[in-house]
Q: 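First the structure, which I've put down as structure tokens, then a few questions once you've had a look.
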Amino acid sequence: MSDLLARHRAVMPNWLALYYDEPIEIVSGKGNRVVDASGKTYLDFFAGILTNMIGYDVPEVREAVERQLATGVVHTSTVYLLRGQVELAEKIARLSGIQDAKVFFTNSGTEANEAALLLATYARKSDQVLAMRQSYHGRSFGTIGVTGNRSWKNNSLSPLNVHFLHGADRHLAQFRGLSDAGYIEACVDDLRHVLSTAVSNDVAALIAEPIQGVGGFTMAPDGLFAAYQEVLDSEGILFISDEVQTGWGRTGSAFFGIQNHGVTPDMMTFAKGLGNGFAVGGVVARGDLMDNLHAVGLATFGGNPISMAAANATLDYVLDHDLQAAAARTGALIIDGLREAAPRLPIVGDVRGRGLMFAVELVDPATGEPSPALAGRFMEESRKAGLLAGKGGLRGNVLRMAPPLTLTMEEAAEGLGIIVGVLETVNAEVAS
């Protein structure tokens, strides 16, 4: 055991997960690669859990932060005007497509989702919330309540009265073999049934990820949330789209994940990639919802000058370089390549994804059952091969990857080669 690992275990909580049998310390980065303390270089296909959205040591971001640091002002709080906050909010409000949108900045996706749930429950005067099975929305008391994955729920207590819907669970026996249209119809029937049986009047909101992050990049078929929204609108129920992982063009086919469903929600939450590593999150919502709260509020660190400088520079970079289109190109190369390789690899149960957000589900080839052990073997072998990946899924058997949006076609091909090569190695181990 390394000295740093021993020190970590002595003072950090044991539920703070670390990857790999021998956890690594990342000490430097450039472009889409990082270097660990031993000097080994990795192509980064997890980007600090989708957070280093445009890679490492980006001059535009670094220089924006350095300019703000040079003023001597790192923090003022939101009781004073913050130019960078206003400028970023104007951009996000415009991009959101939400009518008369206003923005509130926080420090994380968890805090953003808490704020959105507060807005919704206050507006509707109800603690009743709908959420999706297999979802993840954060680690706080309220967001654990709307998380539909037992591995991430520490207790059953919640400030909310939550009912969970279908929509990303086509692996269940009752849905296997259904077409997209058939599955959408079944899910909408279930939503209507929940509203008729399990709740009282005045449900506050549905909160949903367009693509479930911790859930293993599972996703509803396009059109499901539009069908849901018809029912929600008829009941006056608000729709919150959790874009913490799907925002800013990552899916390639839309700037925000919910736009793949042809839906403009009442609110969207965001975080992770917007600051390219600097802590920033927030909610963009209809102005009437945002302005509705009666109590005084602020965010001590939300909207701080340093994070706003980084986020403005990051968002400008994404737009100026059309990284949404780039994600569509590089993502297609990787996803198509994985799907081409999958039929000759019995350990691969599924390949799914959109843009630079893709996953490989590993199964026991003899039984077809989810195999967390094989996912663990992939993680170890991919680290040795010089690629950083993530894992997740309801059963812990899903390899989930989301490289920086600045990934080049050459790096995409290199990463695909490493992934397929490692899958071949693990597959051969099982077959031997």
Side-chain angles (χ1 to χ4, degrees), residues 2 4-5 18-66 213 217 245 248-250 252 272-279 310 313-315 317-318 320-335 337-338 353 355-360 378-392 399-425:
S2 72
L4 184 59
L5 177 58
L18 289 169
Y19 277 167
Y20 309 120
D21 292 340
E22 297 179 4
I24 64 173
E25 177 192 6
I26 294 173
V27 297
S28 66
K30 183 78 174 178
N32 299 314
R33 299 178 193 271
V34 295
V35 180
D36 72 13
S38 73
K40 184 175 178 62
T41 299
Y42 304 88
L43 183 61
D44 189 357
F45 264 38
F46 204 36
I49 316 181
L50 293 84
T51 300
N52 300 309
M53 182 168 68
I54 58 174
Y56 298 85
D57 195 23
V58 181
E60 289 85 346
V61 177
R62 184 181 67 249
E63 291 164 7
V65 171
E66 289 172 345
F217 293 175
Q245 297 198 27
W248 323 116
R250 176 163 292 282
K272 287 194 181 289
L274 179 60
N276 203 48
F278 286 84
T314 299
L315 184 53
Y317 192 100
V318 169
D320 292 346
H321 293 80
D322 195 8
L323 294 189
Q324 178 183 330
R329 291 191 298 271
T330 50
L333 185 154
I334 295 168
I335 294 170
L338 290 172
L356 285 178
M357 195 172 183
F358 50 90
V360 180
F378 178 94
M379 293 293 288
E380 295 299 326
E381 291 300 316
S382 60
R383 180 188 64 79
K384 293 176 186 176
L387 181 126
L388 300 184
K391 64 177 180 177
L399 310 169
R400 57 187 184 121
M401 287 165 269
L405 304 186
T406 46
L407 193 76
T408 66
M409 292 294 281
E410 292 75 17
E411 289 169 331
E414 177 188 353
L416 172 63
I418 294 173
I419 296 167
V420 172
V422 173
L423 287 172
E424 289 173 340
T425 297

Q: At their closest point, which heavy atom of P404 faces which heavy atom of G55, and how far apart are they?
A: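 Closest approach of P404 to G55, heavy atoms only: CB-N, 3.6 Å.
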
Q: Please say which of T408, T406, D44 ends up in a side chain to side chain donor-acceptor pair (under 3.5 Å) with N32.
A: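 It is T406, the one option of T408, T406, D44 that forms the side chain to side chain donor-acceptor pair (under 3.5 Å) with N32.
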
Q: For a quick test of reading the model, state the closest non-hydrogen atom pair linking L5 to P23 and the distance between them.
A: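 Where L5 meets P23 most closely, the heavy atoms are CD2-CD, 3.9 Å.
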
Q: Does a side-chain heavy-atom distance below 4.5 Å link I24 with L388?
A: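 Side-chain contact under 4.5 Å: yes.
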
Q: Can you tell me if Y42 uses its side chain to pair, donor with acceptor, with the backbone of D36 under 3.5 Å?
A: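 No; judged by distance alone, with no hydrogens or angles, the pair does not exist.
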
Q: Without swapping roles, check the side chain of R250 against the backbone of L356 for a donor-acceptor pair under 3.5 Å.
A: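 Yes, R250 side chain to L356 backbone: donor-acceptor pair under 3.5 Å.
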
Q: Output a table of donor-acceptor pairs, distance under 3.5 Å, between side-chain atoms of residues 415-422 and any protein atom two or more places apart or on a different chain; print 'none' if there are none.
A:
none

Q: Could you pull out the closest heavy-atom pair between Y20 and L387, with the gap in Å?
A: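 Where Y20 meets L387 most closely, the heavy atoms are OH-O, 4.4 Å.
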
Q: Quick one: CG on L407 to CD1 on I54, what's the gap to the nearest 0.5 Å?
A: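 Here the rounded value is 13.5 Å.
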
Q: What are the two closest heavy atoms between A389 and F378, and how far apart are they?
A: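 In this case the closest contact between A389 and F378 is CB-CE2, 4.1 Å.
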
Q: Heavy atoms only: give me the nearest M357-Q245 pair and the separation to one decimal.
A: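 Scanning both residues, the minimum pair turns out to be CE-CB, 3.8 Å.
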
Q: Would one find more than 12 heavy atoms of other residues, nucleotides or ligands at under 6.0 Å from atom CD of E63?
A: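 For E63, atom CD is crowded (more than 12 foreign heavy atoms under 6.0 Å).
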
Q: Any sub-3.5 Å donor-acceptor pair from K272's side-chain atoms to M53's backbone N or O?
A: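 No, the answer is negative, given that no donor and acceptor are paired below the 3.5 Å cut-off.
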
Q: How far apart are the closest heavy atoms of A310 and F278, and which atoms are they?
A: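 Minimum heavy-atom separation between A310 and F278: CB-CD1, 3.4 Å.
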
Q: Using a 6.0 Å cut-off, check whether atom CD1 of I49 has over 12 heavy atoms from anything other than its own residue.
A: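 Result for CD1/I49: open.
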
Q: What distance do F46 atom CZ and S382 atom OG have between them, rounded to the nearest 0.5 Å?
A: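 Rounded to the nearest 0.5 Å, the CZ-OG separation comes to 11.5 Å.
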
Q: Mind checking the CG-CE spacing from L50 to M401? Nearest 0.5 Å is all I need.
A: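 Interatomic distance, L50 CG to M401 CE, rounded to 0.5 Å: 11.5 Å.
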
Q: If a pair satisfies salt bridge (Lys or Arg N to Asp or Glu O under 4.0 Å) and one of its residues is in residues 403-423, list it, with sequence neighbours excluded.
A: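 Non-adjacent pairs meeting salt bridge (Lys or Arg N to Asp or Glu O under 4.0 Å): R33-E414.
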
Q: Under the side chain to side chain donor-acceptor pair (under 3.5 Å) rule, what pairs show up with a residue in residues 322-332, not counting sequence neighbours?
A: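 Pairs touching residues 322-332 that pass the test: none.
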
Q: For R62 and Y56, indicate whether the former's side chain and the latter's backbone hold a donor-acceptor pair under 3.5 Å.
A: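 Flag not set: sc R62 to bb Y56 has no pair under 3.5 Å.
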
Q: For N276 and Y317, does a side-chain donor sit closer than 3.5 Å to a side-chain acceptor?
A: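 Side chains of N276 and Y317: no pair found under 3.5 Å.
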
Q: Nearest 0.5 angstrom please: E381 CD to E424 CD, how far?
A: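 Answer rounded to 0.5 Å: 13.0 Å.
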
Q: What distance separates F358 CZ from L338 CG, expressed to the nearest 0.5 Å?
A: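 Rounded to the nearest 0.5 Å, the CZ-CG separation comes to 6.5 Å.
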
Q: Is there a donor-acceptor pair under 3.5 Å between the side chain of E380 and the backbone N or O of D21?
A: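 Between the backbone of D21 and the side chain of E380 there is a qualifying donor-acceptor contact (under 3.5 Å).
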
